[in-house]
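Presented below is the structure to which this report refers.
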Amino acid sequence: MPTTMKPTTTSVGEERAADAATAPATAPGQAATIAARGVTKRYGSTRALTGVDLHVERGEILGLVGHNGAGKSTLMRILAGREQPDAGAVTARDAAGTTWDARSAAAAGVRMVYQELALCADLTVAENAYLSDRRRSASFGWMGRAERRIGEVLDTVFPGHGIAVVRRVGELTLAQRQMVEIARALCTERLGLLILDEPTESLGVDAAGQLYAHLHRLTADGVSVLLISHRMAEVIAHSDRVAVMRDGAVAGVFTGADERTLLHAMGGEVHAAAEVEAAAEAREAGEVVAAIRGDGAPFTVRSGEIVGLAGLAGQGQERMLTRLWSAGPLTRGVSAPRRRAYVPGDRQTSGILPLWSVAQNLTVAALRSISTAGVVNGRAKRELAARWIDALRIRGAAGTPITALSGGNQQKVLVARAFATDASLVLLDDPFRGVDVATKNELYTLMKAEAAAGRAIVWYSTENAEMAHCDRVYVLRAGRIVSELAGDSNTEERIIADSFEEGTAR
Ligand SMILES: Nc1ncnc2c1ncn2[C@@H]1O[C@H](COP(=O)(O)OP(=O)(O)OP(=O)(O)O)[C@@H](O)[C@H]1O
């Protein structure tokens, strides 16, 4: 993906000046679909947004980037009419003077795909699609119509998706659920603005490519897209303009900016992906800590090693992690140490304890190691929480309810929970989903330090580029290991080739 583009940066000041010259304050560009003006939002003492001005033009993809907690999701919820700003306003072309709420946003064709999947697990794919259809009718044959409609959209956007529309959503993989969430938004008639909050975080490289191809078809038809993502290369490659948010404000809107420019506007010390040191520094691999035998190739991980699981999404990587996580002394074909920790892929259903604070969520797996005779040492618990909140720059105090944190900060708490234990085997299921680029770079370094201290780490990621930080990588296809890559053979190209090709069995 290109990281260097033409250096035609527009500062936000320039954009404001240009807007002011051509249009009244509420309608920045002639073709602006939707505009936020002076939008401010507080949650208690947290200032989530301060005087945000931003507009989306007709038929453009506007990228939106910023560190975890910068205010991106809050702004999106306000643009979608799901929350009201404390000050400022949102206006849409064709809807001037209307109060902006969920109803008027929907009437203007605004549709949002949330970061936290909002599907109902007990209902089928088609039933979920039906429920989110604003114009649904309960007349005879509604179910058949819903099944056909969502099936058609899935076929158009994600050919080869493998999703039966009569299946319960709870039985789908995370990647498939994400596809359904996107497809049901695309069922909207007269779509005007599609807002996507980190849409590719759980998609494989193939499905992500299919999604972007479809977004470009939509924009060619005049639909606008607002794309939030931490995947800088994707944002740069696919957006017409990129807005950078920093501490609840728009720090700049850029055309043709490279990754370094955007990271600089986001603030803090951040290295571009290409500058982050990859794995291969000397680290001694020790004893085999865990292994899976049986049909297919054997899997092993040694102490001091970071072992990657790669391949397209849903090819058996999660199952491999859960086999290692749930193995008991009598489990056939799997051996794993007693002390192990796991960062699950779906933080909403199996990670976050929503009624608890940040500190309680963070330390829950480490209580045994900070207890004496069954009594938890309160001071050790506070220190442990404080150390990891600081190390991972978690934006939220120890006593804050976990649900008040931004998505990426909740994810950081789950990663901290695993590493705060004394586990000798750490299992990571796409752990950095939604984590900003600065923190990710720090986490790669942290993982290497933890491996150097003797832990064994098994890491599944949907982002193939991350596998460069592993000592060895197993590529999975159809539930089986099809190749093992290390050293010079551990490249993104090779991972992609082995993910798709037949006949690369090891
Ligand atoms: N419901 C809420 N209650 C309290 N605070 C909130 C709530 N929602 C958001 N915040 C706070 O507002 C700030 C902005 O959060 P927001 O979710 O908009 O960030 P973000 O840029 O989308 O982050 P991420 O990249 O992690 O998704 C954060 O400090 C967050 O803790």
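All of these numbers come straight from a predicted model, not from anything done at the bench. Every number for a ligand or one of its atoms is a count from 1 in the order of the listing.
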Does an N or O from [X], backbone or side chain, lie closer than 3.5 Å to an N or O of ligand 1?
X      : answer
Gly71  : yes
Thr46  : no
Gly434 : no
Thr403 : no

What are the atoms of ligand 1, with element, lying closer than 4.0 Å to any heavy atom of [X]?
X      : answer
Ala48  : 12 (O), 13 (C)
Gly407 : 26 (O), 27 (O)
Gly408 : 24 (P), 26 (O), 27 (O)
His230 : 25 (O)

Minimum non-hydrogen distance to [atom], winning option of [options]:
atom                    : options                      : answer
atom 20 (P) of ligand 1 : Lys72, Lys412, Arg47         : Lys72
atom 16 (P) of ligand 1 : Asp436, Val65, Thr74, Asn409 : Thr74
atom 23 (O) of ligand 1 : Pro401, Gly44, Gly69         : Gly69

Carboxylate-amine/guanidinium proximity below 4.0 Å for Glu383 and Arg379:
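Salt bridge between Glu383 and Arg379, a charged N being under 4.0 Å from a carboxylate O: yes.
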How about Arg82: does its CZ atom have over 12 heavy atoms from other parts shown lying under 6.0 Å from it?
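For Arg82, atom CZ is not crowded (no more than 12 foreign heavy atoms under 6.0 Å).
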Classify the ring geometry between Tyr342 and Trp325 as parallel (under 30°), tilted (30 to 60°) or perpendicular (over 60°).
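Rings of Tyr342 and Trp325: tilted, 30 to 60°.
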Relative to each other, are the rings of Tyr444 and Trp459 parallel, tilted or perpendicular (30° and 60° limits)?
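Ring orientation of Tyr444 relative to Trp459: tilted.
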Donor-acceptor pair, [X] side chain versus [Y] backbone, under 3.5 Å?
X      : Y      : result
Asp221 : Val223 : no
Gln317 : Ala310 : yes
Thr40  : Gly51  : yes

So is Leu405 in contact with ligand 1, going by heavy-atom distances below 4.0 Å?
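The answer is yes, since Leu405 has a heavy atom less than 4.0 Å from ligand 1.
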Using heavy atoms and a 4.0 Å limit, tell me yes or no: is Arg77 in contact with ligand 1?
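So Arg77 counts as touching ligand 1.
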Which residue, Leu226, Leu218, Val110, forms the side chain to side chain contact (heavy atoms under 4.5 Å, CB included) with Leu194?
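Answer after filtering Leu226, Leu218, Val110: Leu218.
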Begin with the C-alpha distance, continue with both residues' side-chain angles, and end with the deciding distance and a verdict on side-chain hydrogen bond (donor to acceptor under 3.5 Å, both in side chains) for Thr200 and Glu234.
CA-CA 9 Å; Thr200 60; Glu234 288 182 15; 2.8 Å; yes
